[in-house]
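Index from 1, following the sequence. Keep in mind that what you see is a predicted model, and the values were worked out from it rather than measured.
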Amino acid sequence: MGRGRVQLKRIENKINRQVTFSKRRSGLLKKAHEISVLCDAEVALIVFSSKGKLSEYSTDSCMERILERYERYSYAEKQLLANETEANISWTIEHAKLKARMEVLQRNQRHFMGEDLDSLSLKELQSLEQQLDSALKHIRSRKNQMMYESISELQKRDKALQEKNNLLAKKVKEKEKQENWEQQELDASSALIRQPLQSLTISSSSHATTCNGGEQEVSAGHRRPNTLLPAWMLSQHEG
């Protein structure tokens with residue numbers, strides 16, 4: 001039969017308690033040695049008996065170094081906990097301040113909107129009125145400044161467009177002038193080309209007229225009676 005679970009409680013019998021302590025202490029020291037070897041861990045074990053007798057085990061017999069390391073880690077952990085506690089307290093205070101400030105700002109916003117004014121005194125209402133008047137002055141001043149800047153910008157754009165329009169009109173006039181000059185040159189060239197043809201036509205017509213006139217003159221001369229001959233010779237000549 002297997003043994004049942006042993007209930008952990010103080011052994012009342014002094015002899016049995018001493019025997020159990022010796023056995024468990026040996027087993028505990030053995031386990032400490034095993035874990036240090038198997039897991040390459042630094043182990044320090046301190047046991048005081050009920051009579052104050054010390055039993056200890058440390059890896060490679062360096063109990064002082066392990067204890068110093070423990071003290072450093074313990075102190076650092078305490079400092080970290082203390083810093084975390086201070087930080088938590090600081091955050092709690094800061095949260096309370098921010099919450100109160102937010103409530104004040106929300107209340108002022110409602111007052112500026114004309115809400116929840118019943119709780120304000122006459123002096124507070126006058127102060128609120130002055131704040132609103134000052135705010136309106138700043139708003140109007142800023143609005144006028146923005147309008148002036150907008151008008152100035154529009155004027156600059158209008159001036160730039162006018163200058164661009166004038167430049168384009170100047171270019172159009174120069175182009176029209178150039179086209180007129182080219183047309184005049186073309187007309188002059190055409191006139192120079194037509195002038196020799198007309199001279200040639202006129203010369204030919206004059207020559208033909210001259211020739212025709214000569215023939216007519218010859219015919220007329222042929223038919224013209226010779227006034228130097230006597231009348232009787234002329235009649236004989238014609239007969």
key: side chain to side chain contact (heavy atoms under 4.5 Å, CB included) partner of V47, the single match among L54, L29, L28   = L28

query = In Å, rounded to the nearest 0.5 Å, how long is the span from CZ of R65 to CD of E68?
reply = 9.0 Å

query = For Y70, does the OH atom sit with more than 12 other heavy atoms under 6.0 Å from it, leaving out its own atoms?
reply = no

task = For side-chain hydrogen bond (donor to acceptor under 3.5 Å, both in side chains), just list the numbers for D158 and Q162, CA-CA rounded to whole Å, side-chain angles, deciding distance to a tenth of an Å, and then say yes or no.
result = CA-CA 6 Å; D158 181 63; Q162 287 180 357; 3.1 Å; yes

query = Side chains of N180 and E176: donor-acceptor distance under 3.5 Å anywhere?
reply = no

query = Would R157 and E153 satisfy salt bridge (Lys or Arg N to Asp or Glu O under 4.0 Å), going step by step from the backbone distance to the final call?
reply = CA-CA 6 Å; R157 290 182 180 179; E153 184 66 23; 3.7 Å; yes

request  = Using modelled atom types only, decide if a donor and an acceptor are shared between the side chain of R110 and the backbone of E115 within a distance under 3.5 Å.
outcome  = no

message = If I take atom CG from residue L128 and atom CG from residue N108, how far apart are they, to the nearest 0.5 angstrom?
response = 8.5 Å

Distance-minimising heavy-atom pair for E12 and R17 = O-NH1, 3.4 Å

message = Return the CD to CD distance between Q183 and Q178, rounded to the nearest 0.5 Å.
response = 12.5 Å

ask   = Can you tell if the side chain of V172 reaches within under 4.5 Å of the side chain of K175, non-hydrogen atoms only?
value = no

ask   = Ignoring hydrogens and geometry, is there a side-chain-to-backbone donor-acceptor pair from N165 to L161 under 3.5 Å?
value = no

ask   = Looking at M147, R142, K143, which hits side chain to side chain contact (heavy atoms under 4.5 Å, CB included) with Q145?
value = R142

task = Side-chain contact test, heavy atoms from C-beta onward, threshold under 4.5 Å: evaluate it for Y57 versus S36 and give yes or no.
result = yes

ask   = Where do E182 and L186 land on the side chain to side chain contact (heavy atoms under 4.5 Å, CB included) test, with the steps shown first?
value = CA-CA 6 Å; E182 291 177 354; L186 183 61; over 6 Å; no

key: CG (N13) with more than 12 external heavy atoms under 6.0 Å   = yes

Close side-chain approach of V37 to H33, heavy-atom, < 4.5 Å = yes

ask   = Where the side chain of S141 meets the backbone of K137, is there a donor-acceptor pair that is under 3.5 Å apart?
value = no

Heavy-atom check, side chain of M63 versus side chain of I46, under 4.5 Å = yes

inquiry  = Using 0.5 Å steps for rounding, measure from the CG atom of L120 to the CZ atom of R107.
reply    = 9.0 Å

message = So for atom CD, which belongs to Q109, do other residues, nucleotides or ligands contribute more than 12 heavy atoms lying within a distance under 6.0 Å?
response = no

key: Test side chain to side chain contact (heavy atoms under 4.5 Å, CB included) applied to S22 and Q18, step by step   = CA-CA 6 Å; S22 298; Q18 186 64 33; 4.1 Å; yes

key: Derivation of the side chain to side chain contact (heavy atoms under 4.5 Å, CB included) call for D116 and H111   = CA-CA 6 Å; D116 298 339; H111 291 166; 4.3 Å; yes

key: I35 atom CD1, over 12 foreign heavy atoms within 6.0 Å   = no

Nearest-0.5 Å distance that lies between atom NZ in K164 and atom CG in L167 = 9.5 Å

ask   = At what distance, to the nearest 0.5 angstrom, does CH2 of W181 lie from CD of Q184?
value = 9.5 Å

message = Are there over 12 heavy-atom neighbours, none belonging to L38, within less than 6.0 Å of that residue's CG?
response = yes

ask   = Judged by atom type as modelled, is there a donor-acceptor pair below 3.5 Å linking the side chain of T59 to the main-chain atoms of V43?
value = yes

key: Path from F48 to L67 over hydrophobic side-chain contacts below 4.5 Å   = yes

query = Are Q155 and I151 close enough that some pair of their side-chain heavy atoms sits under 4.5 Å apart?
reply = yes

request  = Test side chain to side chain contact (heavy atoms under 4.5 Å, CB included) on S26 and K30 and set out the steps.
outcome  = CA-CA 6 Å; S26 300; K30 183 179 178 181; over 6 Å; no

query = Do side-chain atoms of S127 reach the backbone of K123 as a donor and acceptor pair under 3.5 angstrom?
reply = no

